[in-house]
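Note sheet for the following structure.
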Amino acid sequence: MPAAHPDTLVPVARPTAAPATRRRRTAAVLPGFGTSAAITSLVVTALVIVPLAVLVVRAASLGPHGFVAAAWTPRARAAYGVSLGASVLAASTSAALGLLVAWVLVRVDFPGRRLLDALVDVPLALPTAVAGLVYSTLYVEKGWLGQWLVPLGVKGAYSYLGIVLVLVFVSLPFAVRVVQPVIESLDRDAEEAARILGASRMQTFLRVVLPGILPAVVTGFALSLARALGEYGSVVFISGNMPFKTEIAPVLIVSRLEEFAYAEATTIAVVLLGLSLTLLVVVNALQQRLARNAQ
Amino acid sequence: MTSPRAPVTHASPVVNAALVAAAAAIVGLVIVVPLASVFAEAFTGGASAWWVALTHDADTRHAIWLSLTVAPVAVVINTVFGIAAAWLVARFRFPGRSLLISLFDVPFSVSPVVAGLALVLIFGRQGLLGPTLAWLDWKIIFAWPGLVLATTFVTLPLVVRELIPVMEAIGPDEELAAVSLGASGWQVFTRVTLPTIRWALLHGIVLANARAMGEFGAVYVVSGHIAGVTDTMPLRVEKLFQEYRTPASMAVASVLAGLALVTLVAKFAIERRLESEARDLATARAQDAGHP
C-alpha cells in the first residue's frame, strides 16, 4: 500500500496531532459538508420531523380534555392493554429463547450450525404479511400444527396466543443477535476458575455467566418489545381483531382511520408514538452501556 | 474435544446435545415450519395452478408490477440519503450530531401504522396540504407517491446504519490524502470512498430492498388498498386472504418468501466479504503500527 509512506504525500493527514485536533481539521479539509448536510436535513425534516410533529400538533389541538376523551376510551384502553400485554409476553419469550439459541450457536459445535445461524435472520427478510398469513393457516383447526394443538385446547389462530406467536416470530432475531456477540466475548477463564473452585455447572451459569450477559438479554428484550409494539402486518392476519379481546392499538388506529375518525386515530397514534420513543431512549441508553462494558 | 483450552466448563455431551435439540426445535417451530408451509401451500395445486394464480389475475399482476416500481424508487432515495448522511456524520463533527444519529433510528421504533397516519395527516384530503394538493390536482395519498413516501420512511435507517460504522472504522486519512493531491469532491467519493464502502452499501441496499418489497402497515394506511390501483404484493396477499382465496394468496406469498430467501443468501455472501475486508483493514493497521 502506498500509504506506507504517508508523510511524503499528505502532510495534512499525518496522524501526529492529537485526535481531537485532527478531527477539527478534517471538517475544514474534506469536501461535501454542505451538500451532505443539505440532503440529510431535507430527508430527515420532510420524512421524520415534520410528519411526527404534525401528528403531535394535530393531537394537541384537541386540548387536554379532548385528547383524553379521544385517547382514553374503553376500547382504546383495552387495545393498549392487549398491545402491551402481548408484546411483553412475546418479548420475554424471545429474550429467553434467543438466549438459548445464541448460547448454542456460540458455545456448541455441531453439524448444521451455520445453517441454524442463517435461519435466525429469516424473520428480518420475510414480509410480515407472509408471516401472518402462514401462522394463521398453520394454527387453525385443519392446519399443520392446529390439527394436533386445537384438540388439546390450544388455539393459535384468531386468538391472543396467535398475537404472541407472530410477535415472537418477528422479534426473535433481535433477541438472538444482541446476545450472541456478548457470549462470544465472555471471559472463559472466570468460568473455569469457578468450576475448579467447586461450583456446579448451574452455579457457574447463574453466578458467573448470567451477570455478564444480563445487560445484553435486557437490551434484546427492549428491542423485541419496541418491534412488537408497533407490529401490524402479521398481527392483523392472525388476531381476529376482536375489540376488547384481540385488538391491538395499531389495528384500532387503522379501523378508526377507515371510519374517518381522525381525532381518535391521531390521539391513539400519539400514545403509541410516546411509548415507542420512550423505548428508543431506553434502548439507546442500554446499548451505550453495553458498548462501555465491552471496552 | 480438541480445544487447546481445558474444557472444564464445557457442558457434558448430553447437556450439549439437549441444548442443540432445543435450539433446533425453537428455530424449526418458529421459523422453518412456517417458511416451508408457504411453499407447500402455494404448490398444493401443482406448479401450473401456482403460475395461473400469479399471472391470470389482472389485479395480482398489477400488484407485482406496483411492488417492482415502488421498492426501487424508495431504495434509490435511501441510497442517496444513506451515503450523504453517513458522510456527514462519520466525517464531520458539529453540534446536534448525536441527536441527528438518533433521529435516523426513529423509523425503526415508530409503528409503520403511525408513520402512515402521519403522512395522511399531511397529504390526505383532510390533511395540512390537502387543499393545496387538490388545487394542483396532485394525488399523493391513495396513489403511487404516497406508497413511495411510506416505503422510504420505514426503510430510512437501513442504508445509513450500515455505512456509519464502516466509514468510522476506515477513517478519513485516505480521503484527506486524495484531497491534498487535488482530487475534487466527486473524485474522492467515486475513487476513494465508494470502493471502501461498496460491500457495506450493497448490504444496506439488499436489506432496504427486502423491507421495501415486504412493507405492509405503512403502505396499507396510505394506499387505501384499491385493487388494481394501489395494492402492492403484500397488500394483495391480504386481500386475497380476506376473499377466501387462500391458494392465490399463498402463491403471491411464496414469491415474497422466495425473494426473502434470495435476500438472505445475498446477505450471507456480502457479510463474508465484509468480514474479510475488516480483517484486511486490521492487518494493514497492524503493519502501519509496526512501521511508523
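A, B, ... follow the sequence lines: proteins, then strands. Residue 1 opens every chain. In what follows, every heavy atom counts, from backbone to side chain, and hydrogens, waters and symmetry copies are set aside.
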Sort [X] into side chain, backbone, both or neither according to what part of it lies under 4.5 angstrom from a heavy atom of chain B.
{"X": "A:Phe110", "result": "side chain"}
{"X": "A:Phe169", "result": "both"}
{"X": "A:Pro250", "result": "both"}
{"X": "A:Phe260", "result": "neither"}
{"X": "A:Asn284", "result": "side chain"}
{"X": "A:Leu257", "result": "side chain"}
{"X": "A:Ser136", "result": "side chain"}
{"X": "A:Leu279", "result": "neither"}
{"X": "A:Leu138", "result": "side chain"}
{"X": "A:Val101", "result": "both"}

What is the minimum heavy-atom distance between [X] and [Y], and which atoms define it?
{"X": "B:Val237", "Y": "A:Phe237", "answer": "CG1-CZ, 4.2 Å"}
{"X": "B:Trp87", "Y": "A:Ser36", "answer": "CD1-OG, 3.7 Å"}
{"X": "B:Ala260", "Y": "A:Ala125", "answer": "CB-O, 3.4 Å"}
{"X": "B:Met250", "Y": "A:Thr137", "answer": "CE-OG1, 3.3 Å"}
{"X": "B:Pro172", "Y": "A:Leu30", "answer": "CB-CD1, 4.0 Å"}
{"X": "B:Leu117", "Y": "A:Ala269", "answer": "CD2-CB, 3.4 Å"}

Residue part contacting chain A, namely of [X], when any heavy atom lies under 4.5 Å:
{"X": "B:Phe123", "result": "neither"}
{"X": "B:Pro112", "result": "both"}
{"X": "B:Phe94", "result": "side chain"}
{"X": "B:Met213", "result": "neither"}
{"X": "B:Val30", "result": "both"}
{"X": "B:Ile83", "result": "neither"}
{"X": "B:Val33", "result": "both"}
{"X": "B:Ile31", "result": "both"}
{"X": "B:Leu259", "result": "neither"}
{"X": "B:Leu149", "result": "both"}
{"X": "B:Phe268", "result": "side chain"}
{"X": "B:Glu215", "result": "neither"}
{"X": "B:Val32", "result": "side chain"}
{"X": "B:Ser254", "result": "neither"}

How long is the gap from [atom1] on [X] to [atom2] on [Y], to the nearest 0.5 Å?
{"X": "A:Leu100", "Y": "B:Ile26", "atom1": "CG", "atom2": "CD1", "value": "4.5 Å"}
{"X": "A:Asp121", "Y": "B:Leu207", "atom1": "CG", "atom2": "CG", "value": "8.5 Å"}
{"X": "A:Leu273", "Y": "B:Ser111", "atom1": "CG", "atom2": "OG", "value": "9.5 Å"}
{"X": "B:Phe189", "Y": "A:Thr35", "atom1": "CZ", "atom2": "OG1", "value": "12.0 Å"}
{"X": "A:Arg58", "Y": "B:Gln126", "atom1": "CZ", "atom2": "CD", "value": "7.5 Å"}
{"X": "B:Leu158", "Y": "A:Leu124", "atom1": "CG", "atom2": "CG", "value": "9.5 Å"}

*When B:Glu271, B:Arg211, B:Lys267 are compared by non-hydrogen pairs under 4.5 Å with chain A, the top option*: B:Lys267
_Which one wins on heavy-atom pair count under 4.5 Å against chain A: B:Leu235, B:Leu35, B:Leu156, B:Leu88?_
B:Leu88
Would you indicate whether the side-chain heavy atoms of [Y] and [X] approach each other to under 4.5 Å?
{"X": "A:Leu133", "Y": "B:Ser249", "answer": "yes"}
{"X": "B:Val20", "Y": "A:Arg113", "answer": "no"}
{"X": "B:Trp186", "Y": "A:Pro31", "answer": "no"}
{"X": "B:Phe216", "Y": "A:Pro127", "answer": "no"}
{"X": "A:Ile49", "Y": "B:Leu103", "answer": "yes"}

*Can you tell which of A:Ala118, A:Ala226, A:Gly32 has the highest number of heavy-atom pairs within less than 4.5 Å of chain B?*
A:Gly32
*Select, from A:Leu172, A:Thr266, A:Val166, the one with the greatest count of heavy-atom pairs under 4.5 Å involving chain B.*
A:Thr266
*List the steps and the verdict of side-chain contact (heavy atoms from CB on, under 4.5 Å) for B:Leu256 and A:Leu126.*
CA-CA 7 Å; B:Leu256 288 169; A:Leu126 194 74; over 6 Å; no
_Under the side chain to side chain contact (heavy atoms under 4.5 Å, CB included) test against B:Asp105, which residue among A:Leu280, A:Val48, A:Val283 passes?_
A:Leu280
*Are A:Leu47 and B:Phe81 close enough, and set up right, to give a side-chain contact (heavy atoms from CB on, under 4.5 Å), and what steps lead you there?*
CA-CA 11 Å; A:Leu47 269 177; B:Phe81 164 75; over 6 Å; no
*asked:* In terms of relative ring orientation, are B:Phe92 and A:Phe33 parallel, tilted or perpendicular, with 30° and 60° separating the classes?
replied: perpendicular
*State whether the number of non-hydrogen atoms from other residues, nucleotides or ligands found under 6.0 Å of B:Arg272 atom CZ is greater than 12.*
no
